[in-house]
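This report concerns only the one structure given below.
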Amino acid sequence: MFVVTIDRETCEGCGECTESCPAEALAMVDGKAQVVNDECMGCETCVTICPSGSITLQEV
Ligand code: SF4
Ligand code: SF4
């Protein structure tokens with residue numbers, strides 16, 4: 001399975017990742033992105049789109 005991690009310290013709150021995730025695994029919480037389920041399918045869209053490099057993806 002894939003585990004996506006968001007660094008909320010560096011997240012700029014643009015919302016691009018939450019809007020582009022096909023699995024709806026990300027949502028904005030208190031103005032920053034957060035992982036909200038374990039449905040990540042490893043597409044890397046959020047990693048690529050994030051302007052601040054706050055998202056990392058791991059296959060476990
Ligand atoms: S890698 Fe793809 S499926 Fe996983 S959280 Fe990012 S956009 Fe969503
Ligand atoms: S794309 Fe990056 S900066 Fe924008 S909300 Fe997502 S994690 Fe934060």
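Numbering of ligands and ligand atoms starts at 1, following listing order.
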Rounded to the nearest 0.5 Å, what's the gap from [atom1] on [X] to [atom2] on [Y]? Could you check?
| X | Y | atom1 | atom2 | answer |
| --- | --- | --- | --- | --- |
| Ile55 | Cys11 | CD1 | SG | 7.5 Å |
| Gln58 | Met1 | CD | CE | 10.5 Å |
| Asp7 | Lys32 | CG | NZ | 8.5 Å |
| Cys46 | Ile6 | SG | CD1 | 7.0 Å |
| Glu19 | Met28 | CD | CE | 9.0 Å |

Nearest protein heavy-atom contact for [atom]: which residue, which atom, what distance?
| atom | answer |
| --- | --- |
| atom 2 (Fe) of ligand 1 | Cys43 SG, 2.2 Å |
| atom 6 (Fe) of ligand 2 | Cys17 SG, 2.3 Å |
| atom 4 (Fe) of ligand 1 | Cys40 SG, 2.4 Å |
| atom 3 (S) of ligand 2 | Glu12 N, 3.2 Å |
| atom 8 (Fe) of ligand 1 | Cys21 SG, 2.3 Å |

N/O/S from Cys14 sitting under 2.8 Å away from atom 2 (Fe) of ligand 2: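 No, Cys14 does not qualify, because none of its backbone or side-chain N, O or S atoms lies under 2.8 Å.
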Which atom of Val36 lies closest to which atom of Ala27, heavy atoms considered: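 Of all heavy-atom pairs spanning Val36 and Ala27, the closest is CG1-CB, 3.7 Å.
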Least distance between heavy atoms, Glu39 atom then Ala23 atom: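 For Glu39 versus Ala23, the nearest heavy atoms are O-CB, 3.4 Å.
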Enumerated ligand 1 atoms positioned under 4.0 Å from heavy atoms of Cys46: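 Heavy-atom distances to Cys46 below 4.0 Å select 1 (S), 5 (S), 6 (Fe), 7 (S).
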Atom indices of ligand 1, in the order listed, that fall short of 4.0 Å to a heavy atom of Met41: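 Reading through ligand 1 atom by atom, the close ones are 3 (S), 4 (Fe).
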Member of Cys50, Ser20, Cys21 meeting the side-chain contact (heavy atoms from CB on, under 4.5 Å) criterion with Thr45: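 Testing Thr45 for a side-chain contact (heavy atoms from CB on, under 4.5 Å) against Cys50, Ser20, Cys21 leaves exactly one candidate, Ser20.
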Region of Glu44 engaging ligand 1 - heavy atom pairs below 4.0 Å: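 The answer is the backbone of Glu44.
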Step-by-step side chain to side chain contact (heavy atoms under 4.5 Å, CB included) determination, Val35 to Leu26: CA-CA 5 Å; Val35 181; Leu26 313 174; 3.9 Å; yes
For Gly15, the ligand 2 atoms whose distance to one of its heavy atoms is below 4.0 Å: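 Under 4.0 Å from Gly15, ligand 2 has these atoms: 4 (Fe), 5 (S).
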Atoms of ligand 2 close to Ala33 [distance to a heavy atom under 4.0 angstrom, numbered from 1]: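 Counting atoms of ligand 2 from 1, those under 4.0 Å from Ala33 are 5 (S), 6 (Fe), 7 (S).
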Metal site atom 8 (Fe) of ligand 2: N/O/S of Cys11 inside 2.8 Å: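 Under 2.8 Å: Cys11 contacts atom 8 (Fe) of ligand 2 through an N, O or S atom.
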Residue part near ligand 2, for Cys50, under 4.0 Å between non-hydrogen atoms: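 Looking at Cys50 and ligand 2, atoms from backbone and side chain both fall under 4.0 Å.
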Proximity to ligand 2 by part of Ile55, non-hydrogen separation under 4.0 Å: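 The answer is the side chain of Ile55.
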Neighbour count above 12 (heavy atom, 6.0 Å) for Asp30 CG: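 Check fails, neighbour count at 12 or below.
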Ile49 to ligand 2, any heavy atom closer than 4.0 Å: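 False for this residue.
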